[in-house]
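Following: one structure in structure tokens, then a few remarks.
Residue numbers start at 1 and run along the sequence shown. In this text the structure is predicted, and so the values were computed from the model without any measurement.
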Amino acid sequence: MVGSGPAGLTVAYYARLKGFQVTIFEALDELGGMLRVGIPDYRLPPKILDKEINHILRRGVETRTGVRFGTDFTLDDLKAEGFSAVFLGIGAHESLNLRLTGEQDAAAVIDAVRFLREINLGERSSPGNKVVVIGGGNVAIDTARVTKRLGAESVTVVYRRSQNEMPAYAEEIDGAKEEGIAFLTLTAPNRILTEQGKVTGFECLKTRLGPPDASGRRRPVPVEGSEFVIDCDAVIPAIGQRIDKSWIDREPHLQLTKGDTIQVNPHTMQTSIPHVFAGGDAVTGQASVIEAVAAGHRAVEAMQRFIDKEDLSHYADEVAEEESPGQSWQEIPEDIAPEARVASQHRGIEQRIVSFEEVDLSFSEAEAQKEGRRCLNCGICSECMECVRVCEPNAVDHYMKLEEIEVKVGSIILATGYDTFDPGRMKQYGYGTYSNVFSSLEFERLSNATGPTGGNILIRDEKGEFTRIPESVAILHCVGSRDVNYHEYCSRVCCMYALKYTHLIKEKVGHDTKIYDFYIDQRCFGKGYEEFYRRCQEEGTTFIRGKVAEITDQTNHSEEEGKLVAIAEDTLLGAKLRIPVDMVVLCVAMEARQDAVEVGRIFGVILGADGFFLEEHPKLGPLNTATEGVFLAGACQSPKDIPDAVAQASGAASKALSLVARGKVTVPSAISWIDPDICAGCQTCIGLCAYSAIEFDERRGVSLVNEALCKGCGSCSAFCPSGAAQVRHFNPKQLFAEFDGIMDALDAVGM
């Protein structure tokens with residue numbers, strides 16, 4: 001990649017993801033291209049740019065800075081070095097000249113591109129006290145706002161058309177006006193006044209808008225006799241950019257267009273030299289960042305096919321025939337009420353003009369969520385088909401439509417599983433703060449052959465890459481469980497998978513690795529588990545009874561430098577411990593799924609105090625629920641290990657099959673009934689019913705009981721304010737009839 005602007009960085013990143021060895025050549029000493037030297041810090045903070053670039057470099061991209069194309073190396077040099085393909089993203093770093101009298105006579109006439117480059121690379125002196133900026137694009141507005149921040153007394157933007165024709169972003173123009181920058185529109189430059197090498201004024205003339213020109217904007221026509229002079233001591237032209245062609249003599253085979261940009265096939269970005277591709281401003285002229293990124297995406301696809309010796313002309317024809325994405329939108333529902341767009345927060349004007357701190361502070365989390373909810377989701381998918389292309393088992397059906405299917409069933413088995421406790425809630429353990437503190441599932445992924453390290457147990461270095469082998473590891477039990485602040489119950493599986501981790505680390509990293517297992521008490525229930533515990537002890541794992549109070553990187557002595565320190569108490573010895581380790585693994589709790597309440601409401605299943613689904617009876621009916629035909633299986637009922645979940649699933653399947661074999665379900669006769677003549681329609685009973693057995697009849701204005709769902713618990717009858725809800729077979733008339741029957745029977749036998 002020649003050039004590290006947005007186009008070059010895009011090609012480098014995606015080419016690396018495709019498995020190619022990638023090297024970036026950059027003329028400047030820092031990467032970023034126009035992102036680095038063309039966009040002011042108040043719009044794109046350097047730390048954000050550095051973070052993005054470092055993310056790309058961590059993928060294994062090599063860089064060579066301070067080397068200029070055409071001066072320090074040529075395309076032939078790159079070919080001789082073994083590069084199979086070259087991407088030119090050299091940008092347009094030269095400015096167009098005004099061609100006005102006085103332009104070459106004073107040092108204070110500075111082109112905007114050079115001015116912004118010097119400012120972004122560290123220069124912080126104003127070019128003058130009264131500055132005129134010529135142009136109406138984003139570069140002109142950036143230049144004006146930067147000059148204001150450098151302390152200029154007055155800054156004036158001169159543009160030959162009206163503000164409506166300005167190509168700069170509207171929010172940038174508004175921001176400049178807020179900062180006190182003056183705008184002279186319908187004003188054209190005439191000449192620069194100088195005296196003894198210094199700028200003394202800028203002569204302009206008024207214009208009016210005539211017929212549209214080739215760009216579609218109305219052409220400015222000078223108004224005769226309207227000349228006037230703006231008092232200034234510096235002039236910064238920002239009227240356009242062009243590419244640096246100093247390399248043209250050394251690359252005669254690289255063809256240019258009439259506009260002096262690199263000529264490419266628009267579908268493949270291939271130049272007149274087959275192995276050379278190009279994109280960004282070097283091809284389009286001055287354009288936006290996102291257009292350069294799009295060109296990079298097209299180039300990567302074509303470069304891969306070129307290296308694989310595919311026919312690029314055939315590929316270009318295929319791309320040309322493709323329909324542009326985004327032609328099929330979902331209909332916008334008519335009942336959606338318009339909502340105002342959330343306004344982004346901005347730094348105060350007084351703060352802006354004295355620093356280069358970022359101006360747009362964006363949204364708060366609540367504002368971002370509110371703005372996200374405004375999305376109509378009319379596009380759903382961009383139709384890129386990338387998922388279809390990369391899926392080797394062909395499991396993606398792009399044309400599948402959303403449909404609702406109603407299936408009549410005789411029984412239902414709920415096996416919705418569990419969620420893992422978020423250890424970030426326990427700030428003392430540093431999860432999310434220290435890069436080498438892992439949750440149990442993250443460690444499972446790390447030690448798996450399909451994980452990011454291919455099954456090797458590694459820890460992150462200073463750059464966040466998995467490069468180092470841990471010399472010591474701390475494993476913490478009961479993170480989120482057996483804790484009155486989170487979950488009081490035991491998650492059952494933590495002790496055993498913690499033992500598994502100690503064994504895996506010893507096996508994969510080495511038996512000299514120090515492992516510290518912090519536990520409350522080891523619960524090794526079941527066949528073979530106690531034996532496995534003894535085996536881990538024999539392998540050299542240090543077991544410490546006691547909970548870790550804190551994980552910190554604050555050191556007390558040299559042995560703790562560069563380590564994480566586990567601060568704990570050994571409750572057997574009654575001693576406080578500080579143990580330095582390289583890696584910490586948190587054995588997190590199993591907890592009920594977040595949607596358990598909604599799922600329970602749908603299927604008529606009650607939740608226990610711990611949030612898991614409640615069984616009919618913990619011993620006599622552990623698989624049954626209060627709703628006939630609905631059974632539980634697995635960790636949705638309680639925390640459990642895989643063998644227990646499998647056994648419970650087998651039992652639930654057997655119970656479901658028994659109903660199928662019977663063909664019918666007996667429902668209790670003692671169920672609730674709501675007298676329609678008394679019901680006031682208050683719907684109090686609907687909220688009380690744990691089995692969702694009561695519905696409201698809108699037409700009649702009364703509540704009705706679904707007899708197949710009702711269990712006759714009597715909750716509705718106990719709370720019904722009008723007395724309409726009753727338990728069938730237990731109303732006063734029926735009870736007295738039962739008594740009369742008993743008395744008649746006694747009388748008949750002479751008692």
Please tabulate, one pair per line, all N/O donor-acceptor pairs under 3.5 Å involving side-chain atoms of residues 737-751, not counting sequence neighbours.
none

In residues 642-657, what donor-acceptor pairs under 3.5 Å come from side-chain atoms, sequence neighbours left out?
from: Asp644; atom 1: OD2; to: Arg492; atom 2: NH2; distance (Å): 3.0
from: Gln648; atom 1: OE1; to: Gly634; atom 2: N; distance (Å): 2.9
from: Gln648; atom 1: OE1; to: Lys640; atom 2: NZ; distance (Å): 3.3
from: Gln648; atom 1: NE2; to: Gln637; atom 2: OE1; distance (Å): 3.2
from: Ser650; atom 1: OG; to: Val646; atom 2: O; distance (Å): 3.1
from: Ser654; atom 1: OG; to: Ser650; atom 2: O; distance (Å): 3.0
from: Lys655; atom 1: NZ; to: Asn624; atom 2: OD1; distance (Å): 3.3

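With sequence neighbours excluded, the residues forming a ring pair (Phe, Tyr, Trp, His ring centres under 6.0 Å) with His297 are Tyr14, listed by chain and number. Remark: Phe443 pairs with Tyr501 by the ring pair (Phe, Tyr, Trp, His ring centres under 6.0 Å) rule, at least two apart or across chains. With sequence neighbours excluded, no residue forms a ring pair (Phe, Tyr, Trp, His ring centres under 6.0 Å) with Phe518. Remark: Phe603 pairs with no residue by the ring pair (Phe, Tyr, Trp, His ring centres under 6.0 Å) rule, at least two apart or across chains.
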Open item on the list: Go through it in stages, so that I can follow the logic: the residues are Glu171 and Asp360, the test is side-chain contact (heavy atoms from CB on, under 4.5 Å), and I'd like the CA-CA distance, side-chain angles, deciding distance and then a yes or no.
Closed with: CA-CA 10 Å; Glu171 60 266 28; Asp360 191 336; over 6 Å; no
TODO: With side-chain contact (heavy atoms from CB on, under 4.5 Å) as the test, would you mind laying out the steps for Phe613 and Leu607 before giving the verdict?
DONE: CA-CA 5 Å; Phe613 293 140; Leu607 270 61; 3.6 Å; yes
TODO: Decide yes or no on side-chain contact (heavy atoms from CB on, under 4.5 Å) for Glu178 and His346, but give the supporting numbers first.
DONE: CA-CA 11 Å; Glu178 291 173 357; His346 289 78; over 6 Å; no
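When His477, Arg545, Arg482 are each tested for a side-chain hydrogen bond (donor to acceptor under 3.5 Å, both in side chains) with Asp521, only one passes: Arg482.
Side-chain atoms of Thr541 never come within 3.5 Å of backbone atoms of Ile515 as a donor-acceptor pair (strictly under, hydrogens ignored). Looking at Thr416, its side chain never comes within 3.5 Å of a backbone N or O of Cys636 through a donor-acceptor pair. Remark: the backbone N or O of Gln594 is paired with a side-chain donor or acceptor of Asp419 at under 3.5 angstrom. Side-chain N or O atoms of Arg352 include one that pairs as donor or acceptor with a backbone N or O of Arg347 at under 3.5 Å. Side-chain atoms of Tyr533 do not come within 3.5 Å of backbone N or O of Cys495 as any donor-acceptor pair. Between the side chain of Ser435 and the backbone N or O of Arg460, no donor-acceptor pair lies under 3.5 Å. Formation of a donor-acceptor pair under 3.5 Å by the Thr627 side chain with backbone atoms of Val605 is not found in this model. With hydrogens and angles ignored, the 3.5 Å screen pairs a side-chain donor or acceptor of Thr453 with a backbone N or O of Leu446. Not one N or O on the side chain of Arg43 forms a donor-acceptor pair closer than 3.5 Å with the backbone of Val359. At least one donor-acceptor pair under 3.5 Å links the side chain of Glu442 to the backbone N or O of Ser439.
Glu367 has no carboxylate O lying under 4.0 Å from a charged side-chain N of Lys370, or vice versa, which leaves the two without a salt bridge. Using a cutoff of 4.0 Å between basic side-chain nitrogens and carboxylate oxygens, Glu444 and Lys500 are scored as salt-bridged. The existence of a salt bridge linking Arg373 and Glu339 is excluded, since no basic side-chain nitrogen approaches an acidic carboxylate oxygen closer than 4.0 Å.
Side-chain contact between Tyr489 and Glu591 is present, with at least one heavy-atom pair separated by less than 4.5 Å. Between Ser411 and Phe631, some side-chain heavy-atom pair lies under the 4.5 Å cut-off. When side chains are defined from C-beta on, Ile567 counts as touching Lys576, because their heavy atoms get closer than 4.5 Å. The side-chain heavy atoms of Ile674 and Val702, taken from C-beta on, include no pair separated by under 4.5 Å. Contact annotation: the side chain of Tyr429 never approaches that of Val584 to less than 4.5 Å [non-hydrogen atoms, C-beta and beyond]. Inter-residue side-chain proximity for His503 and Leu499 is flagged as unmet; no heavy-atom pair is nearer than 4.5 Å.
Counting non-hydrogen atoms of neighbouring residues, nucleotides and ligands closer than 6.0 angstrom, the CZ atom of Phe525 exceeds 12 such neighbours. The number of heavy-atom neighbours closer than 6.0 Å to OH of Tyr418, taken from other residues, nucleotides and ligands shown, is 12 or below. Within a 6.0 Å radius of CD in Glu531, other residues, nucleotides and ligands contribute more than 12 heavy atoms.
A donor-acceptor contact closer than 3.5 angstrom links the side chains of Arg445 and Thr450.
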